[in-house]
Amino acid sequence: MRCAPNPNGPWHVGHARMPAVIGTYRDRYDGWFCVRFDDTDPETKRPDLEAYDSILDDLEYLGFEPDAVYKASNRLETYYDHARELIDLGGAYTCSCSGEEFSELKNSGEACPHRDKDKATVLEEFEAMVDGEYDSGEMVLRVKTDIEHKNPALRDWVGFRMIDTPHPREEASEYRCWPMLDFQSGIDDQLTGVTHIIRGIDLQDSAKRQQFVYDYFDWEYPEVVHWGHVQLDAYDVKMSTSTISELIEEDDLDDWDDPRAPTLKSLRRRGIRGDAIVDAMVELGTSTSDVDLAMSSIYANNRELIDDETDRRFLVRDGTELPLGGSPPEEANPPLHPDHAERGVREIPVGDAVLLEAEDLPNREERLWLKGLGCFQYTRDTLQYTGEDIEVVREGDVDVVHWAPAEESVPVRMRTMDGDVSGRAEPGVGDLESDELVQFERVGFARIDRHDDETVVYYTHP
RNA sequence: GCUCCGAUAGUGUAGUCCGGCCAAUCAUAUUGCCCUCUCGAGGCAAUGACCGGGGUUCGAAUCCCCGUCGGAGCACCA
C-alpha cells in the first residue's frame, strides 16, 4: 500500500487517516507500505521543501515507519520511459490544442486533429517536450482513451504538460515536462508493487483513467477503495493546510503547533499520543461518505492510555484568595495518584491563605472540603478549619474542591483550544520536567511545556 | 448540463455481497445512580437509528424501481 501526500505543509489531523489505516493493515497482515511524495506540480501545488521531513516526522509521531520513501520528482526519467513506450503502443499523442478548444471538442465527443498523428511525429514532439523546447501551455501529451466515452471526465486526458516554473528541489529543478498525477501515480503503483489503493472520493475517476494505461501495458490494476472527507468537530479553524498556513501568516495562530490549530503537531504538543489518533481513525473505517470525527473519541482513547500513569496536581484558574483560620495543618499531602498509593504523596505548604476557583467559592457559613487538607467553614470572610473527619464529605453535604496555596504556588499559563488561561498551581508543578503529563484535578490533563517566568502547560483534554 | 458515488442513534461503526438467528452490534456522547477526598478512573442503568414511497417475497436494514437529500468528477491541481 502507499501513502502519497503532496508535500505542501505539515499535516492536519485528517492526514493521519491514511497512515493510520494502511499502517494498521500492514502491521495486522504483514504487509508493506511506502510514502511517496507526489510532487509533480512545481507551480500550482508547489512543494514546500520543509514539508517532506515534517510529514515523515508526523508519521513517526503516529507510530509508523514506512518501508520505503519515494519522491516522484526523482523519478521523471522513469515516467518519460513509460511515456515513450506508451507512444509506441499507440496509446498517447502530443496535442497543441488550448485547454478551452480541447474541452469543447471533448464535450461534444469529437477528436482533435492531433489524435491521428503518426507515432514518429508524436515521439519527436514528446522528446521536444522533455527537452523543454515548448513553453507552458503549448504542448501536452494525451493518453488516448475513448473520445466518446460516456463519462466526459475519462476522455483523452492529459498525461504530461509543460511547466515553466522550476521545481523547488534542486535535483529536479531542470525538468520542464511534468507528468500529471494520474500518469505518475499509475506508473508508480505498478512499479512499486502496490496491490491495494485507498484514496479520496475526489479521485473516484482516477482508477478508470489509469485503467486505460494499464490496459496498454497489460498490467493488472490494484484493488481500490474510495473514502469520503473527514471533518473534525471542536475546532473553529478549518482543517485545510492552506487555511492554517494563512492564519499563521497573519499571526492569528502562533505556529503549526498552536493549540487552536487542528494539526498533528498541535495534538502532539498537547500531549496526545499518536496511538489515540490512529485508533480513532481506524474506527472511522473506509466508507465512501463523508464522516465527522468527534475529538471526544480521540480524547477517550487518549485518556485510557494516560490516566493510569499520570500523576495528579492542583491548578486553580483565575483564583480568588481566601484567608485561612483555625490552625489547619501546615502541609497538605494528597496522593500523587488515587489508584497508586505506592507512588507517594505531594507536599503542599499551606500558608495563611488559599486560592479557589470562582465556581467553588463557598457561601457564607458553608462548609468546604479542601482536597488533601481538610474541612473548612466559611465564616467572617475566612475559611475556618473545623478539623472534621472525611465522614462529613461522605454524608454528602460538603463539597470537595481543589485549591492552591496563595503564597507558595507557581504561576501557570495554560494554553487551550479556546485561548490561554492563567492560574496558579501547587509548587511541585514548577519542578516537573518538560514533556511530562499531569492531571490537574477537576480541571483536566495537561502537558508541561516549559518553565519561563511562568510555567507554560498545554491543555490536553478533560 | 453530462457522469459517478453514497444514505443505520448526536458522532463513528457492525449487519447489506449470500433476505429469516436484527423489535438491529459495539464504541463514543449525554443523563441518572453507586463508588471515590476529582467534574478523572471504575461499576450499573437510561436515552437514541435502518432517508421516503412503491415493488418482489411467507418474510426486506439487506434485493429491484422511483423519489429526496448529500458528496464527487467533467483542470495543462494533487
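Quick note on labels: first sequence line is chain A, next is B, and so on, each numbered from 1.
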Taking atom [atom1] in both [N] and [M], compute the distance separating them and give it to the nearest angstrom.
N: B:U8; M: B:G48; atom1: C1'; result: 12 Å
N: B:C37; M: B:C21; atom1: C1'; result: 50 Å
N: B:U25; M: B:U31; atom1: P; result: 23 Å
N: B:U62; M: B:C18; atom1: P; result: 14 Å
N: B:A9; M: B:C50; atom1: C1'; result: 10 Å

Checklist entry - Side chain of A:Thr460, backbone of A:Arg270: donor and acceptor closer than 3.5 Å? => result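 Yes, A:Thr460 side chain to A:Arg270 backbone: donor-acceptor pair under 3.5 Å.
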
Under 3.5 Å: donor-acceptor pair, side chain of A:Tyr80, backbone of A:Cys177
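Yes, the answer is positive, given that a donor and an acceptor are paired below the 3.5 Å cut-off.
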
Using distance only, find each side-chain donor-acceptor pair of residues 5-23 of chain A under 3.5 Å and give its atom names and separation, not counting sequence neighbours.
| unit_1 | atom_1 | unit_2 | atom_2 | d |
| --- | --- | --- | --- | --- |
| A:His15 | ND1 | A:His12 | N | 3.0 |
| A:Arg17 | NH1 | A:Gly228 | O | 3.0 |
| A:Arg17 | NH2 | A:Gly285 | O | 3.0 |

Among the candidates [options], find the nucleotide nearest to the side-chain atoms of [X].
X: A:Pro338; options: B:U28, B:G40, B:C37; result: B:G40
X: A:Asp307; options: B:A41, B:C37, B:C74; result: B:A41
X: A:Ala300; options: B:U28, B:G40, B:U38; result: B:U28

Note, RNA chain B 5' to 3' with Watson-Crick or G-U pairs under 3.5 Å encoded as ( ), [ ], | and . gives (((((((..(((.......[.....)))((((((.......))))))...(((((..]....))))))))))))....

### Task
Determine the sole option in A:Thr121, A:Asp156, A:Asp116 for which the side-chain hydrogen bond (donor to acceptor under 3.5 Å, both in side chains) test with A:Tyr93 is passed.
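Only one of A:Thr121, A:Asp156, A:Asp116 forms a side-chain hydrogen bond (donor to acceptor under 3.5 Å, both in side chains) with A:Tyr93, namely A:Asp156.
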
* Asked: Stepwise, does the side chain to side chain contact (heavy atoms under 4.5 Å, CB included) test hold for A:Thr386 with A:Val392?
  -> CA-CA 11 Å; A:Thr386 69; A:Val392 298; over 6 Å; no

Apply the test side chain to side chain contact (heavy atoms under 4.5 Å, CB included) to residues A:Met180 and A:Trp157: give CA-CA distance (whole Å), side-chain angles for both, the deciding distance (0.1 Å), then the verdict.
CA-CA 9 Å; A:Met180 298 288 288; A:Trp157 47 276; 5.5 Å; no

Review point. So, do A:Phe183 and A:Phe160 have ring centers that fall under 6.0 Å from each other?
Key: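 Yes: the rings meet the under 6.0 Å criterion.
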
Kindly confirm or rule out a cation-pi arrangement of [X] over [Y], judged by NZ or CZ under 6.0 Å from the six-membered ring centre and within 45° of its axis?
X: A:Arg2; Y: A:Tyr70; answer: no
X: A:Lys71; Y: A:Tyr52; answer: yes
X: A:Arg142; Y: A:Phe102; answer: yes

Q.
Expressed as a whole number of angstroms, how long is the span from A:Lys106:NZ to B:G1:P?
A.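 Interatomic distance, NZ of A:Lys106 to P of B:G1: 18 Å.
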
To the nearest angstrom, the OH-C1' distance between A:Tyr459 and B:G40 comes to 11 Å

Tightest non-hydrogen contact, residues A:His196 and A:Pro222, listed as N-CB, 4.1 Å

Could you go step by step and tell me if A:Thr145 and A:Arg209 meet the side chain to side chain contact (heavy atoms under 4.5 Å, CB included) rule? CA-CA 8 Å; A:Thr145 66; A:Arg209 282 208 195 97; over 6 Å; no

Tabulated below should be each protein N or O lying under 3.5 Å from an N or O of nucleotides 76-78 of chain B; please produce it.
| unit_1 | atom_1 | unit_2 | atom_2 | d |
| --- | --- | --- | --- | --- |
| B:C76 | N3 | A:Gly137 | O | 3.3 |
| B:C76 | N4 | A:Cys97 | O | 2.9 |
| B:C76 | N4 | A:Gly137 | O | 2.9 |
| B:C77 | OP2 | A:Arg161 | NE | 2.6 |
| B:C77 | OP2 | A:Arg161 | NH2 | 3.0 |
| B:C77 | O3' | A:Asp41 | OD2 | 3.3 |
| B:C77 | O3' | A:Arg161 | NH2 | 3.3 |
| B:C77 | O2' | A:Asp41 | OD2 | 3.2 |
| B:C77 | O2 | A:Lys45 | NZ | 2.2 |
| B:A78 | OP1 | A:Thr40 | OG1 | 3.1 |
| B:A78 | OP1 | A:Arg161 | NH2 | 2.9 |
| B:A78 | OP2 | A:Leu181 | N | 3.2 |
| B:A78 | O3' | A:Asp38 | O | 2.7 |

Please tabulate, one pair per line, each protein N/O and nucleotide N/O from nucleotides 4-11 of chain B that are separated by under 3.5 Å, including the distance.
| unit_1 | atom_1 | unit_2 | atom_2 | d |
| --- | --- | --- | --- | --- |
| B:C4 | OP1 | A:Lys150 | NZ | 2.8 |
| B:C4 | O2' | A:Lys208 | NZ | 3.4 |
| B:C5 | O2' | A:Thr288 | OG1 | 3.1 |
| B:G6 | O2' | A:Ser289 | OG | 3.4 |
| B:U11 | O2' | A:Asp292 | O | 2.8 |

Can you tell me whether the side chain of A:Glu283 and the base of B:U28 have a donor-acceptor pair closer than 3.5 Å? no

Do the side chain of A:Arg312 and the base of B:U38 come within less than 3.5 angstrom through a donor-acceptor pair of N or O atoms? yes

Carefully, step by step, assess A:Val122 and A:Glu125 under the rule side chain to side chain contact (heavy atoms under 4.5 Å, CB included). CA-CA 5 Å; A:Val122 169; A:Glu125 287 178 347; 5.7 Å; no

Between protein and nucleotides 61-67 of chain B, what N or O pairs are separated by less than 3.5 Å?
none

If the condition is salt bridge (charged side-chain N to carboxylate O under 4.0 Å, His left out), which residues does A:Arg84 pass it with, not counting sequence neighbours?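 Residues passing salt bridge (charged side-chain N to carboxylate O under 4.0 Å, His left out) with A:Arg84: A:Asp81, A:Glu127.
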
